[in-house]
Enquirer: 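Here you go, one structure.
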Amino acid sequence: MANKRTIAVFLDPVLACNFRCKMCNFSNDSYVKEKMKGILKEEDLEQIAMASFKNALKLQIGCAAEPTLFNHNKKLIEIAKRYKVPHISMVTNGNLLTNESIVDYVNAGLNEFIISVHGVTKKTYENFMERGSFDLFHQTLALISEQKKSNPKLLLRINYTFNEDNFYELTDLFTSYKDYAIDVIQLRPIDKVGEGTVYNNYSLKKIEIDYKTISNKLKIEAEKSAITLIYPSSISRNEQQTSIVATANNSNYLMPFVFCYISPRFYWKEGFDYKNETFLEWKKRTGWNKVLFKNIFTSKNKLGSMNRNILNYSIDVN
């Protein structure tokens, strides 16, 4: 454990978004004004990298905001590559990506584009992803697919967040996206990510009866298209739950130890001063390895309470 790669870094270089998606905190004007502010300085990137990239198994650029609003992504990717981070991905709505930026990111060392989408049809997409352009979304998929011809190891992934009002459109998913070189599709049930989002129907009761049938059909289509499909094995929720999928996951206890979130306002753990110490130095100072060891002897119920929403996903690899 001394100085191994044990963490996954999720980095929001800027707390802003060009969309106002109805299932997202950015649809809440007061939340945006109070909390979604800040941008990393270019000189911060080297300090962040020095503190944590040597221990990172992966770097995901974009988590709770839109990373393409940041002007130094190419440099960020180059730095992560220099620190030999094994996998570098970017989560984005894709509307601000251009052919030039796609080429720049790929040449810098980006391994994967993860494009968020909340509708298969133009009407639903632009309804849920307010300020977004369905045409630009498809243009981005086409540009990345073209780039994959000369960079076959580049991955293109779609993250589809579903609710009771956009779920049944998934039956047309593979028809609508058949022209694109998609490697992975992940289906994600709506979850309560904050307070006061415009769309707040977290119930999945209306689609529970059809979920297994439709997800099985999507599995068959994915196999035909040689696409990896990631989807929850169940979407049933307890009566008291409005947002948490009722599943169990024996790896729960690992999340606080491997999930490293960084933004202009926050650096993973309170008291971790990335400008003046590395991850390894912080672990030694706080006795981090001892804390991790103690969790081996902690009950599953207590460990499960440490994480808000861990899903059991089925993964069909083709």
Enquirer: Verify the ring-centre separation between Phe128 and Tyr199: is it less than 6.0 angstrom?
Expert: yes
Enquirer: Hey, what do you get for CD (Glu46) to CZ (Arg82), rounding to the nearest 0.5 Å?
Expert: 4.5 Å
Enquirer: Using side-chain heavy atoms (C-beta onward) and a distance below 4.5 Å, is Phe134 in contact with Thr121?
Expert: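 The answer is no; the side chains never approach within 4.5 Å.
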Enquirer: Taking Asp183 for the side chain and Leu156 for the main chain, is one N or O donor matched with an acceptor at less than 3.5 Å?
Expert: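 Looks like yes, one N/O pair under 3.5 Å.
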Enquirer: May I have the step-by-step check of side-chain contact (heavy atoms from CB on, under 4.5 Å) for Ile88 and Tyr105, ending in yes or no?
Expert: CA-CA 10 Å; Ile88 308 168; Tyr105 297 163; over 6 Å; no
Enquirer: Report whether Val184 and Leu57 are members of the same hydrophobic cluster (ILVMFWY, side-chain heavy atoms less than 4.5 Å apart, transitive linking).
Expert: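 Unlinked, Val184 and Leu57 end up in two clusters.
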Enquirer: Between Tyr274 and Met50, is there a shared hydrophobic cluster once you connect ILVMFWY residues whose side-chain heavy atoms come closer than 4.5 Å?
Expert: yes
Enquirer: Can you find a heavy atom in the side chain of Pro67 that is under 4.5 Å from one in the side chain of Leu76?
Expert: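 Pro67 vs Leu76: side chains apart.
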Enquirer: Just verifying a value: how many Å separate Thr278 OG1 and Gln47 CD, rounded to the nearest 0.5 Å?
Expert: 13.0 Å
Enquirer: Nearest heavy-atom pair of Asn73 and Pro13: which atoms, and what distance?
Expert: OD1-CG, 4.2 Å
Enquirer: Strictly distance-based, threshold 3.5 Å: is any side-chain N or O of Lys37 a donor or acceptor partner for the main-chain N or O of Lys33?
Expert: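 Flag set: sc Lys37 to bb Lys33 pair under 3.5 Å.
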Enquirer: Heavy atoms only: give me the nearest Val120-Ser176 pair and the separation to one decimal.
Expert: CG1-OG, 3.4 Å
Enquirer: Under 4.0 Å between a side-chain nitrogen and a carboxylate oxygen: does that hold for Glu221 and Lys224?
Expert: yes
Enquirer: Test your reading of the model: is there a side-chain donor-acceptor pair from Asn95 to the backbone of Leu136, 3.5 Å cut-off?
Expert: no
Enquirer: Please indicate whether Glu100 has more than 12 foreign heavy atoms, meaning atoms of other residues, nucleotides or ligands, lying under 6.0 Å from its CD.
Expert: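 No - once you tally the heavy atoms of other residues, nucleotides and ligands closer than 6.0 Å, there are 12 at most.
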Enquirer: Determine yes or no for a side-chain-to-main-chain donor-acceptor pair under 3.5 angstrom, with Arg5 supplying the side chain and Ala56 the backbone.
Expert: yes
Enquirer: Less than 4.0 angstrom from a charged side-chain N to a carboxylate O is my criterion; do Lys122 and Glu126 meet it?
Expert: yes
Enquirer: Indicate the atoms forming the closest heavy-atom contact of Asn93 with Cys17, along with that distance.
Expert: ND2-SG, 4.0 Å
Enquirer: What's the separation between atom CG in Leu40 and atom CG in Leu11, rounded to the nearest 0.5 Å?
Expert: 6.0 Å
Enquirer: Examine Leu170 and Ile220 and state if one hydrophobic cluster contains both, with Ile, Leu, Val, Met, Phe, Trp and Tyr joined whenever side-chain heavy atoms are less than 4.5 Å apart.
Expert: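 They do not share one cluster, since no chain of ILVMFWY contacts under 4.5 Å joins Leu170 to Ile220.
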Enquirer: If we only count heavy atoms from C-beta on, is the Lys84 to Phe53 side-chain gap below 4.5 Å?
Expert: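 Contact flag for Lys84/Phe53 side chains = no.
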Enquirer: Walk me through whether Asn127 and Lys22 qualify under side chain to side chain donor-acceptor pair (under 3.5 Å).
Expert: CA-CA 8 Å; Asn127 174 48; Lys22 292 181 177 178; 2.7 Å; yes
Enquirer: Between Ser145 (side chain) and Ala181 (backbone), is there a donor-acceptor pair under 3.5 Å?
Expert: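 The answer is yes, because a donor-acceptor pair under 3.5 Å joins these two groups.
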Enquirer: Please test Leu218 against Tyr160 for side-chain contact (heavy atoms from CB on, under 4.5 Å), starting from the C-alpha separation and ending with a verdict.
Expert: CA-CA 13 Å; Leu218 293 173; Tyr160 190 99; over 6 Å; no
Enquirer: Take the angle between the ring planes of Tyr125 and Phe19 and call it parallel below 30°, perpendicular above 60°, tilted in between.
Expert: perpendicular
Enquirer: Indicate yes or no for a side-chain donor-acceptor contact from Thr68 to the backbone of Leu96 under 3.5 Å, with no hydrogens or angles considered.
Expert: no
Enquirer: Please determine whether side chain to side chain donor-acceptor pair (under 3.5 Å) holds for the pair Ser225 and Tyr177, giving the CA-CA distance in whole Å, both sets of side-chain angles, and the decisive distance to 0.1 Å.
Expert: CA-CA 11 Å; Ser225 304; Tyr177 297 167; over 6 Å; no
Enquirer: Treating Ile, Leu, Val, Met, Phe, Trp and Tyr as nodes and any side-chain heavy-atom pair under 4.5 angstrom as an edge, say whether Leu155 and Val9 lie in one connected cluster.
Expert: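 The answer is no; the residues belong to distinct hydrophobic clusters.
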Enquirer: Test salt bridge (charged side-chain N to carboxylate O under 4.0 Å, His left out) on Glu78 and Lys75 and set out the steps.
Expert: CA-CA 5 Å; Glu78 288 173 340; Lys75 181 173 182 178; over 6 Å; no
Enquirer: Looking only at heavy atoms, what is the nearest atom pair of Leu15 and Tyr261, with distance?
Expert: CD2-OH, 4.0 Å
Enquirer: Examine distances only and state if a side-chain atom of Glu42 and a backbone atom of His72 form a donor-acceptor pair shorter than 3.5 Å.
Expert: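 No; zero donor-acceptor contacts below 3.5 Å.
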Enquirer: What distance do Asn55 atom CG and Tyr83 atom OH have between them, rounded to the nearest 0.5 Å?
Expert: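 Spacing of CG (Asn55) from OH (Tyr83) equals 11.0 Å.
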Enquirer: Is any side-chain heavy atom of Asp191 closer than 4.5 Å to a side-chain heavy atom of Tyr202?
Expert: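 Side chain of Asp191 against side chain of Tyr202, heavy atoms only: no contact under 4.5 Å found.
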Enquirer: Within the side chain of Tyr211, is there an N or O that forms a donor-acceptor pair under 3.5 Å with the backbone of Pro232?
Expert: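 Judged by distance alone, yes, a pair lies under 3.5 Å.
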Enquirer: Dump the intermediate steps for side-chain contact (heavy atoms from CB on, under 4.5 Å) on Ile207 and Phe162, then the final yes or no.
Expert: CA-CA 10 Å; Ile207 63 176; Phe162 67 85; 4.0 Å; yes
Enquirer: Donor-acceptor pair, Ser101 side chain versus Thr98 backbone, under 3.5 Å?
Expert: yes
Enquirer: Below 4.5 Å, heavy atoms only, C-beta onward: do Ile61 and Phe70 meet side chain to side chain?
Expert: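 Side-chain contact under 4.5 Å: no.
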Enquirer: Taking all atoms of both residues into account, what is the closest heavy-atom pair of Leu69 and Asn18, and its distance?
Expert: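 The answer is CD1-N, 3.8 Å.
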Enquirer: Taking all atoms of both residues into account, what is the closest heavy-atom pair of Val91 and Ser116, and its distance?
Expert: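 Reported closest heavy-atom pair: CG1-OG, 3.8 Å.
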Enquirer: Count I, L, V, M, F, W, Y as connected when their side-chain heavy atoms are under 4.5 Å apart, and connections chain through other members. Are Ile114 and Leu229 then in the same cluster?
Expert: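 They do not share one cluster, since no chain of ILVMFWY contacts under 4.5 Å joins Ile114 to Leu229.
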Enquirer: In Å and rounded to the nearest 0.5 Å, what is the OG to CE distance from Ser30 to Met36?
Expert: 12.5 Å
Enquirer: Rounded to the nearest 0.5 Å, what's the gap from CD on Gln147 to CD1 on Ile102? Could you check?
Expert: 7.5 Å
Enquirer: Give a yes or no answer on whether the side chain of Asn163 reaches the backbone of Asn166 with a donor-acceptor pair at less than 3.5 Å.
Expert: yes
Enquirer: Begin with the C-alpha distance, continue with both residues' side-chain angles, and end with the deciding distance and a verdict on side-chain contact (heavy atoms from CB on, under 4.5 Å) for Phe167 and Leu204.
Expert: CA-CA 10 Å; Phe167 175 72; Leu204 298 173; over 6 Å; no
